[in-house]
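Proteins get letters first, then strands, A, B, ... in listed order; numbering begins at 1 in each.
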Amino acid sequence: MEYAFNEIEKKWRAYWASQKTFAAKEEGDKPKFYALDMFPYPSGAGLHVGHPLGYIASDIVARYKRHQGFNVLHPMGYDSFGLPAEQYAIQTGQHPAITTEENISRYREQLDQIGFSFDWDREVRTSNPDFYRWTQWIFLQLFDSWYDEEKAQARPIEDLIWHLHKYGTEDLHAAAGEDLSLSPEEWEGFDEATREQILQNYRLAYRSESTVNWCPALGTVLANDEVKDGLSERGGHPVVQKKMMQWSMRITAYAERLLAGLEEIDWTESLKDSQRNWIGRSEGALLSFALDGHADKIQVFSTRPDTIFGATFMVLAPEHYLVNEITTADQAAEIKAYQEQAARKSERDRLTEVKTVSGAFTGAYALHPFSGAKIPIWIGDYVLASYGTGAVMAVPAHDSRDWSFAKHFNIPIVEVVSGGNITEASYDAKEGKMVNSDFLNGLDVKEAIGKAITAVEDNAIGESQINFRLRDAVFGRQRYWGEPIPIYFKDGLPRRVKEEHLPLNLPAVDAFLPTEDGEPPLARAQKWSYHPDKGVVSADEGYPLETTTMPGWAGSSWYDLRYMDSQNNDVLVSPERVNYWCDVDLYIGGNEHATGHLLYTRFWHKFLKDRGLVQEEEPFKKLINQGMILGYSAFAYRVDGENTFVSADLADQYSCTKVHVDVNMVNASDELDVEAFKAWRDDLATAKLIFEGAFKVTREVEKMSKSKFNVVNPDDIIAQYGADTLRLYEMFLGPLEQSKPWNTAGISGVHSFLRKLWRLYFKEGELTLSEEVPNEKELKVLHTLIKKVNEDINNFSFNTSVSAFMIAVNSLGELKCTKRAILGHLPILISPYAPHIAEELWSRLGNTDSIAYASFPQHEEQYLTESNHNYPVSFNGKMRFTHELPLSLNKEEIEKAIFALERTQQYLEGKTIRKVIVVPGKIVNIVAS
RNA sequence: GCCCUGGUGGUGGAAUUGGUAGACACGCGGGACUUAAAAUCCCGUGACCAUUGCGGUCGUGCGGGUUCAAGUCCCGCCUGGGGCACCA
């Protein structure tokens, strides 16, 4: 009987579904294991072979953990709010919910075919009101919270109101937009509107004015990467910078904890580095420079207060609020021209032009806080208004950008740290002795930084400060297909929708576009007002509701929690469930989420912990990034100006152009299926093909995409080879974390491996297993495999265990092994990788229950111990031959045995022995000359 | 510019703490079985030299170094990919 993978796989998938084999349970005394995948956005294109890579890896771990006696939670769902469905809706008028539903069905069909052990009863969809109800609920908690920096945790806004009432801002250590100073009397005297304005300065979800890329023609806000050269990517319409009131999240309150938390989680260093860079913590001092002839002061932040005596000029951002005030009449025209020039550049342009130095002198001078020297004040577009204070004290000797600026404008460069050659380049290193620096002279840089800060504080020039690069996250979107923000406005003040009125459902609209006057699509809704007693009502009955929606990352910032208790209608997750599952033990997903999703999720979890909803500080204990699967494009050569194609090996005889051809028409030998090619498109039916023997194409590795005709669909692979082959092959391609090209050609190797495995059990259609006692060799093959597979899964090295399976099956085939005592173990070993064939063999062996919970074998060292070792014998480090010796021999005995060999003597003829290295169990090396 | 990664046969890749480089698989060449094909099995396959046989030289991006021994460790480069970006 042949290995009929189609029947076998269909049968077991039906069995798993009907038996609910993989339903996660919170009972018994088993330990828990939570294996999570980054859930997909269900796009219209469906899955290609790159998508399941990480899912297969996590499924292997999930299945392995079940074999090891864990209660495993391995869920799947859909990140189903998003732009593509909305754009499709704008074009066709079809409601995004319908598009999304269709795409999800397609995804589910494809996922089901691969044999994942997901617990589908726990599926979540972020666009489902039962789910986004809780996203909205979390938003309300954020709205109702402020961050107490002293306690380092979020607290209810009532506590803050009480504090303001009792003490004003005295002793208030709160994360805030700006520093406020209020007495309790002042607070008491304010009306409601003013109080709310003040509270907005502290709320973790708050409204503030922020600059956005506004495209008037599209009536919408665009992301940075949707804007190219000041024009919208779609349509090429002009984009302007516009200030808008937007909902934001005060993630900056959590900067320190987001940084500290990285120390306790098992993520790759490169990923942690990305987050560290994103958060961008820097220690330094905030300094005030007095102005010559003005009452104002310029504040600067510097990480190098030790170099203060080297500050020979200052640079303000062109937009700095003091520029116009301090500029002298002489310089006004020049400054104005420069400001205009800078304003025309986008921030991105300003950041990109590193080589050209530009700036203008204001004519004004600051006074050095220690020496009293007059320091010229310039403006330059390398200083950004949005970072720090928008001003720098320029130390050209020890900062490369300041150095270029000083060189360009002929400003003096004063060395204050010895060790470099400042006539050629700035010396930025934090090493060396201080010079030309008054009371800092002779100190090391590190000491000098400390002493400078002390001096600055003693003289009331400034204070030590920690700066972060991290910004608060803009949370409002001018879109339809997202979670409505549960806020309404009474007298212009934002108020929370009552929890009993959640979910605040997306309203029906007549079109998914912004309104004519630029309001978001929700403003089109007829029934979109709020009455605190009645809920959502028609426009004339209640207060206006917020019309922006939440961004894509809202739902994904907490979905891992919902899987624990996805059917709960009372709370987002019950305390019992969250106590049981705690956190994610293994999270697998793409690298592109390094600073977005993964940072926001960590932020929300910390917040939920502060408010007592979860126990763990970090959501994802261990995280692995799977690499991207690239396409292996194929090219045919078209003769220029003709409908003629020429085989790649003859292409140099013609003048031709490479054109993509569909990789599905090319075989493993890079030969084009000419019939399929002619049938591919109408114009090709009459094309002339020039080739000898076979029509050859050339190959190149590119990103997998429809337009490059290199997309490989898992469905086609499964139809031809089966899901088990696909799973094994995806793993066999190479290390999980590495990006690699997909080349279907190699798949026949793993497929024939599965057939070989099958044939070990069946001879002429009959299951033929003997009850004989296995011999040493057979036991060794088995236990070598057991050891390797256990190690590999624990190291996430799945590619090498596929090789190990092949080696074991090849060896057992050579040994003609048909013994139950050996072959009986193989199905469990391979079950995480190729679950269908494993179930089938398992049941043929006489088992009546699923293999999924069968206990995973452990190797026994006794079967692996070798008595002999084949010693490589090297002369001067070059391996010449090998010789087998018992492992029981000691160094002297090995040396003696090797020297007794005739071949050893041949290599030593006429030479003097200098040294003999013998490492028992490893090598022998003889040094002679 | 900075940070993170990688660079091994025609291809994907393997190689525990430095200890037989190229496991396993694809592809390719040859053979067996077959009327034939498919399937299966066997042999060969890093390059070069030698070939009757034994064998020899080179070889893990490049150049140095440490070591009895380097894909692996150190120093300096080149290069592919990803991320961040005048961050003061």
Contact pattern, 5' to 3', of nucleotides 41-60 of chain B - B, S or - by protein heavy atom under 4.0 Å
S-------------SSSS--
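Going from atom CG of A:N277 over to atom P of B:rG83 covers 14 Å, rounded to whole Å. Atom C1' of nucleotide B:rG6 and atom CE of A:M628 are separated by 14 Å, given to the nearest angstrom. Rounded to whole angstrom, the span from the CD1 atom of A:I629 across to the P atom of B:rG12 amounts to 14 Å. The distance between atom NE2 of A:H593 and atom C1' of B:rG82, rounded to the nearest whole Å, is 14 Å. We find that CD of A:E269 is positioned 17 Å from C1' of B:rG82, with the value rounded to whole Å. Protein atom NZ of A:K740 is 10 Å distant from nucleotide atom C1' of B:rG12, rounded to whole Å. For A:K272 and B:rU5, the NZ to P distance is 13 Å, given to the nearest whole Å. Rounded to whole Å, the distance from CG on A:N743 to C1' on B:rU11 is 8 Å.
At a threshold of 4.0 angstrom between heavy atoms, the contacts of A:S270 are confined to the sugar-phosphate backbone, with no base atom among them. A:S748 comes within 4.0 angstrom of the backbone, heavy atoms only, and of no base. As judged by a 4.0 angstrom heavy-atom cut-off over every strand, A:S752 is placed among residues touching the sugar-phosphate backbone only. Using a 4.0 Å heavy-atom criterion, one finds that A:N870 contacts the bases of the nucleic acid, with or without backbone contacts as well. Using a 4.0 Å heavy-atom cutoff across all strands shown, A:R276 reaches no nucleic acid atom at all. Nucleic acid contact class of A:T882 (heavy atoms, under 4.0 Å, all strands): base.
A salt bridge is absent between A:E814 and A:K816; no separation between the charged side-chain nitrogens and carboxylate oxygens falls under 4.0 Å. Here A:E730 does not pair with A:K740 in a salt bridge; the nearest charged N to carboxylate O distance is not below 4.0 Å. Using a cutoff of 4.0 Å between basic side-chain nitrogens and carboxylate oxygens, A:E263 and A:K272 are not scored as salt-bridged.
Checked by atom type and distance alone, the side chain of A:T904 pairs as donor or acceptor with a backbone atom of A:I898 at under 3.5 Å. With hydrogens and angles disregarded, a donor-acceptor distance shorter than 3.5 Å links the side chain of A:T389 to the backbone of A:Q299. With hydrogens and angles ignored, the 3.5 Å screen pairs a side-chain donor or acceptor of A:Y338 with a backbone N or O of A:S358.
Taking the P atoms as reference points, B:rC4 lies 14 Å from B:rC75, given to the whole Å. For the P atom pair drawn from B:rU34 and B:rG29, the interatomic distance equals 23 Å after rounding to whole Å. Using P as the reference atom, B:rA21 and B:rG55 are 15 Å apart when rounded to the nearest Å. One C1' atom belongs to B:rC48, the other to B:rA37, and the distance between them is 40 Å to the nearest Å. Between B:rA23 and B:rU45, the distance separating the two C1' atoms is 15 Å to the nearest Å. Using P as the reference atom, B:rC74 and B:rU67 are 16 Å apart when rounded to the nearest Å. Comparing B:rG9 with B:rU5, their C1' atoms sit 23 Å apart, to the nearest whole Å. Nucleotides B:rC73 and B:rG18 have their C1' atoms positioned 8 Å apart, rounded to a whole Å.
B:rA32 is paired with B:rU40 under the criterion used here, namely a Watson-Crick or G-U wobble arrangement in which both key atom distances are under 3.5 Å. Summarising the base pairing, B:rU60 is matched to no nucleotide, lacking a Watson-Crick or G-U wobble pair whose two defining distances lie under 3.5 Å. Pairing for B:rU17 is absent, with no Watson-Crick or G-U wobble pair whose two atom distances lie under 3.5 Å. Using N1 to N3 plus N6-O4 or O6-N4 for Watson-Crick, or N1-O2 and O6-N3 for G-U wobble, each under 3.5 Å, B:rA70 pairs with nothing. Across every strand in view, B:rU45 sits in a pair with B:rG27 that passes the Watson-Crick or G-U test at under 3.5 angstrom.
Residue whose closest nucleotide on RNA chain B sits further toward the 5' end, between A:W278 and A:M879: A:M879. For the pair A:R469 and A:I747, both in contact range of RNA chain B, the more 5′-proximal nearest nucleotide belongs to A:I747.
In this structure, B:rG55 shows a glycosidic angle more than 90 degrees from zero, which is the anti conformation.
Aromatic pair A:W742/A:Y729: centroids less than 6.0 angstrom apart. Ring centroid separation for the pair A:Y721 and A:H751 comes in under the 6.0 Å cut-off. Taking the six-membered ring wherever Trp is involved, the centroid distance between the rings of A:F313 and A:F405 falls below 6.0 Å.
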Would A:R276 and A:E269 satisfy salt bridge (charged side-chain N to carboxylate O under 4.0 Å, His left out), going step by step from the backbone distance to the final call?
CA-CA 10 Å; A:R276 285 189 193 110; A:E269 271 313 303; 3.4 Å; yes
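For the pair A:N467 and B:rA88, the criterion of a side-chain N or O lying under 4.0 Å from OP1 or OP2 is not met. One finds no side-chain N or O of A:Q738 lying less than 4.0 angstrom from the OP1 or OP2 phosphate oxygen of B:rG6. Remark: A:R401 is in phosphate contact with B:rC87, judged by side-chain N or O atoms under 4.0 Å from OP1 or OP2.
The closest side-chain heavy-atom distance from A:F301 to A:Q465 is below 4.5 Å.
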Nucleotides 16-19 of chain B: which of its N/O atoms have a protein N/O under 3.5 Å away?
from: B:rU17; atom 1: O4; to: A:K922; atom 2: NZ; distance (Å): 3.3

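In summary, the side chains of A:S282 and A:N467 do not present any donor paired with an acceptor at a separation below 3.5 Å, with no hydrogens or angles considered.
If you check B:rA88, B:rA39, B:rC24 against the side chain of A:N810, the one that comes closest is B:rC24.
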